[in-house]
Amino acid sequence: AFRWLNPIGVADFDGDGDIDIMAQLIEYDGSYDDTEFLAYYENIGTVSSPQFAAGVESPFGLPFSTEDTTAFILLSGDIDNDGDIDLLSYELSYAGPYMEGRELKFFENVPSGGDPNFLSPVSNPFGLDDLAQFDAGEYNVPTQLVDLDDDGDLDIIGTANVYDYISEEYESQLFYIENQASAGEA
């Protein structure tokens with residue numbers, strides 16, 4: 001068995017003015033039964049000279065620990081426009097080598113005493129319904145939160161891989177989901 005890290009989010013999670021790191025920590029045992037955790041690496045240095053503390057598994061009460069071979073993408077940003085860093089996860093579950101399901105989850109951050117405090121996740125938030133409404137492909141993966149249309153809120157940029165059964169190849173596409181909420185909402 002061995003462990004590896006997949007950095008999946010960088011932001012000022014603790015609100016102290018420097019960039020911290022969230023990473024997917026995977027323990028692989030050689031089968032399809034690997035275990036995954038979320039690990040938080042606080043920047044205890046400065047903005048100009050970062051230094052990271054040892055990783056903390058499942059930080060801030062976040063329920064990212066699984067043994068059912070779930071891969072996840074974690075996007076971080078002020079999703080609800082309230083001044084703190086929230087999380088949006090996209091989880092892919094597998095049965096052996098085959099994808100079985102996908103779920104989008106929103107973790108609202110309601111800081112307590114200056115520390116991040118993430119509420120229980122809301123599944124398929126904001127009417128996104130697992131990105132199915134975009135019918136972009138078999139493997140829709142949100143990859144970035146960015147204010148693409150310069151209207152003051154975060155939109156989703158992602159990729160989709162569509163299998164062409166005639167050519168027997170995958171075709172990759174980009175997709176864009178505009179955040180159409182009013183100010184102060186997600």
Side-chain angles (χ1 to χ4, degrees), residues 5-24 36-43 47 50 52 56 58-64 70-93 101-162 172-186:
L5 287 173
N6 179 22
I8 54 177
V10 292
D12 183 11
F13 291 102
D14 56 6
D16 66 355
D18 56 30
I19 299 298
D20 308 301
I21 298 173
M22 287 279 190
Q24 180 182 28
E36 301 176 21
F37 302 93
L38 192 62
Y40 169 66
Y41 295 84
E42 180 184 1
N43 183 353
V47 173
F52 296 94
V56 175
S58 301
F60 316 120
L62 289 167
F64 283 94
T70 299
F72 59 86
I73 313 303
L74 185 72
L75 305 178
S76 56
D78 187 8
I79 298 167
D80 56 4
N81 293 318
D82 65 353
D84 55 43
I85 301 298
D86 306 298
L87 301 174
L88 189 66
S89 73
Y90 191 62
E91 302 178 17
L92 305 171
S93 57
R102 351 174 219 199
E103 185 175 18
L104 191 67
K105 292 182 181 177
F106 170 59
F107 294 83
E108 183 180 3
N109 183 7
V110 181
S112 174
D115 293 327
N117 179 39
F118 293 96
L119 301 180
S120 296
V122 175
S123 294
N124 296 322
F126 318 121
L128 293 177
D129 193 26
D130 193 21
L131 305 179
Q133 65 187 4
F134 301 96
D135 197 25
E138 297 174 11
Y139 300 101
N140 300 338
V141 180
T143 57
Q144 292 288 324
L145 291 173
V146 62
D147 185 8
L148 192 65
D149 55 2
D150 197 29
D151 65 352
D153 57 29
L154 296 175
D155 308 301
I156 298 174
I157 303 294
T159 60
N161 294 308
V162 180
S172 295
Q173 302 171 353
L174 292 175
F175 64 87
Y176 157 64
I177 303 169
E178 180 183 0
N179 183 344
Q180 297 179 357
S182 3
E185 297 177 347

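We use all heavy atoms of the structure for the numbers below, so side chains are in, but hydrogens, waters and symmetry mates are not. These figures come from a predicted structure and were not determined experimentally.
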First locate atom [atom1] of [X], then atom [atom2] of [Y], and finally report the distance between them rounded to the nearest 0.5 Å.
X	Y	atom1	atom2	result
Glu42	Ile19	CD	CD1	12.5 Å
Phe52	Ile21	CZ	CD1	4.0 Å
Ser120	Phe107	OG	CZ	8.5 Å

Taking all atoms of both residues into account, what is the closest heavy-atom pair of [X] and [Y], and its distance?
X	Y	value
Asp86	Phe118	CA-CE2, 4.2 Å
Asp14	Asp16	OD1-OD1, 2.8 Å
Asp80	Glu108	OD2-OE2, 3.2 Å

Stepwise side chain to side chain contact (heavy atoms under 4.5 Å, CB included) test for Leu154 and Leu88
CA-CA 11 Å; Leu154 296 175; Leu88 189 66; over 6 Å; no

Is the side chain of Asp20 donor-acceptor paired with the backbone N or O of Asn43 at a distance under 3.5 Å, no angle test?
yes

Suppose we screen for side-chain contact (heavy atoms from CB on, under 4.5 Å). Which residues come up paired with Val47, at least two apart in sequence or across chains?
Asp18

Holding to side-chain contact (heavy atoms from CB on, under 4.5 Å), I want the full list of residues that pass it with Asp147, two or more places apart in sequence or in another chain.
Asp149, Asp150, Asp151, Asp153, Asp155

Verdict with supporting geometry, Ser76 and Leu87, side chain to side chain contact (heavy atoms under 4.5 Å, CB included):
CA-CA 5 Å; Ser76 56; Leu87 301 174; 3.8 Å; yes

What residues, two or more places apart in sequence or in another chain, satisfy ring pair (Phe, Tyr, Trp, His ring centres under 6.0 Å) together with Tyr40?
Phe60

Check: residues 109-116 side-chain donor-acceptor pairs under 3.5 Å, at least two apart:
{"from": "Asn109", "atom 1": "OD1", "to": "Asn117", "atom 2": "N", "distance (Å)": "2.9"}
{"from": "Asn109", "atom 1": "ND2", "to": "Ile85", "atom 2": "O", "distance (Å)": "3.0"}

